[in-house]
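Here the structure is laid out as structure tokens; the discussion comes afterwards.
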Amino acid sequence: NTTADPGARTTGTGFYFDTVVTFTLYGADETLMTELQNACVRYEQLLSRTIPESDVGRINAAEGQTVTVDAETADILRRALEISDMTDHAFSVTIAPLTTLWDFSGGTERVPTEEERLAALPLVDDSRLKVEGNEVTLPAGMMIDLGGIAKGYIADELAKMCEGRCTGALLNFGGNVYVVGQKPDGSLFRVGVRDPKDTGSSLAVISMGQGTVVTSGVYERCFEKDGVFYHHILDPETGLPAETDLTSATIVGPRGADCDALSTALFVMGAEGAAQFWREHQDLGFEYVLVLEDGSIHITQGLESSFSLASGYQEREVTVIAP
Ligand code: ADP
Ligand code: MG
């Protein structure tokens, strides 16, 4: 491995997982960027729901038959099921029969009929997804959607690839940012938390050592029709966009897969449910920033020293949640 100038910055952009992905590397060796991009291509081929030959495509078309998948796919599914259990299925990896009824990125503004929605609800049941070794079995009619966890898992794996190959890196997958190492001057990276009501600006900044910051918000992948606002985070109990008092949920922690799934789950739970979940799951080692519908902000105690409001947002009410 050639070690480049530690201050030299390289950036690369691509479109993977239906998301603009940007990698910023400091002092990287010559081949790291290409390897990261190749890994994105590989993960897309493995995990995309819209590629029939992918593991997810094959699981969803299997009609009850057992499918042999890549060891990584099996690992993601096992973690997804654990988080599904922990969150009382607010995060449900078998959400696909519901998500396919909606179209939050295609622009067709389709709202499913009540009949379609009620027919899909019984097909969302994570307890019926079986993962044994690399074998996956799902009852006919059911389908999985890794949209709420895959980018976090991929960020973890790409961050591992960066270890020892650069002095610092920011891996940005839209709402998921993974920080590796430090800036060339030795200072911490700063990750912005977007203002859900004005997505061009950050309302706060988090100083980050190694780890990830993942936001689920309803300002992307959403539409308004006949005066009703619809967004892409669904309540598995109703099949409708989750009714919540939050406009975004940001999770900070060491593990991308967990933080990604938790950002979706805590968004569904709302502010009170999120606080209770955090208190009961201190072992997961995560912190959060919630932006509430009324504009106020909740942060967990572990973030007190690394969180700061951005200029223009100094007046925002911030509540610190204690364990
Ligand atoms: P994004 O991928 O846009 O950053 P999230 O991480 O919040 O957003 O994940 C939302 C995606 O997860 C949806 O687009 C959908 O594919 C899937 N999803 C929606 N609702 C749920 C849910 N309750 N549990 C698990 N996955 C969900
Ligand atoms: Mg998520």
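Atoms within each ligand, like the ligands themselves, are counted from 1 in listed order.
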| request: Would you please classify the geometry between the Phe23 ring and the Phe173 ring as parallel, tilted or perpendicular, with 30° and 60° separating the classes? | output: perpendicular
| field | For Asp125, salt bridge (charged side-chain N to carboxylate O under 4.0 Å, His left out) partners two or more places apart | value | none
| Distance-only N or O hit between ligand 1 and Leu234, under 3.5 Å | yes
| task | Within a distance under 4.0 Å of any heavy atom of Ala90, pick out the atoms of ligand 1 and give their elements. | result | 22 (C), 23 (N), 24 (N)
| query | Going by heavy atoms, is Ser92 under 4.0 Å from ligand 1? | reply | yes
| query | What part of Ala242, side chain from CB on, backbone N/CA/C/O, both or neither, has a heavy atom under 4.0 Å from ligand 1? | reply | neither
| message | Tell me whether Thr99 has any N or O atom under 3.5 angstrom from an N or O of ligand 1. | response | no
| query | Are any of the N or O atoms of Val93 closer than 3.5 Å to those of ligand 1? | reply | no
| field | Shortest non-hydrogen separation from Asp70 to Glu72 and the atoms involved | value | OD1-N, 2.9 Å
| Between Arg110, Glu109, Arg221, Glu220, which is the residue that forms a side chain to side chain contact (heavy atoms under 4.5 Å, CB included) with Phe104? | Arg221
| Interfacing atoms of ligand 1 (cut-off 4.0 Å, heavy-atom, Asp145) | 15 (C), 16 (O), 17 (C)
| remark: Numbered in order shown, the ligand 1 atoms found under 4.0 Å of a heavy atom of Pro236 are 23 (N)
| task | Classify the angle between the aromatic ring planes of Phe229 and His231 as parallel (below 30°), tilted (30 to 60°) or perpendicular (above 60°). | result | tilted
| For ligand 1, which atoms sit closer than 4.0 Å to a heavy atom of Lys151? | 1 (P), 2 (O), 4 (O)
| said: Does any N or O of ligand 1 fall below 3.5 Å from an N or O anywhere on Ser216, backbone included? | reply: yes
| query | Which class fits the ring pair Tyr43 and Tyr153: parallel under 30°, tilted 30 to 60°, perpendicular over 60°? | reply | perpendicular
| request: Supply the members, apart from Ile299, of the Ile/Leu/Val/Met/Phe/Trp/Tyr cluster built from side-chain contacts under 4.5 Å; use none for a lone residue. | output: Tyr26, Leu170, Val177, Val179, Phe189, Val191, Val193, Leu203, Ile206, Met208, Val213, Val252, Val289, Val291, Ile297, Leu303, Phe307, Leu309, Tyr313, Val318, Val320
| Contact with ligand 1 for Gly175, non-hydrogen, under 4.0 angstrom | no
| note | Per-atom filter on ligand 1: closer than 4.0 angstrom to a heavy atom of Arg221 are 3 (O)
| request: Return the minimal non-hydrogen interatomic distance between Ser92 and His89, and the atom names on each side. | output: OG-O, 2.7 Å
| message | Consider side chain to side chain contact (heavy atoms under 4.5 Å, CB included). Of Ile149, Val268, Ile233, which one does Phe91 pass it with? | response | Ile149
| Would you say Ser263 and ligand 1 have an N/O pair spaced under 3.5 Å apart? | no
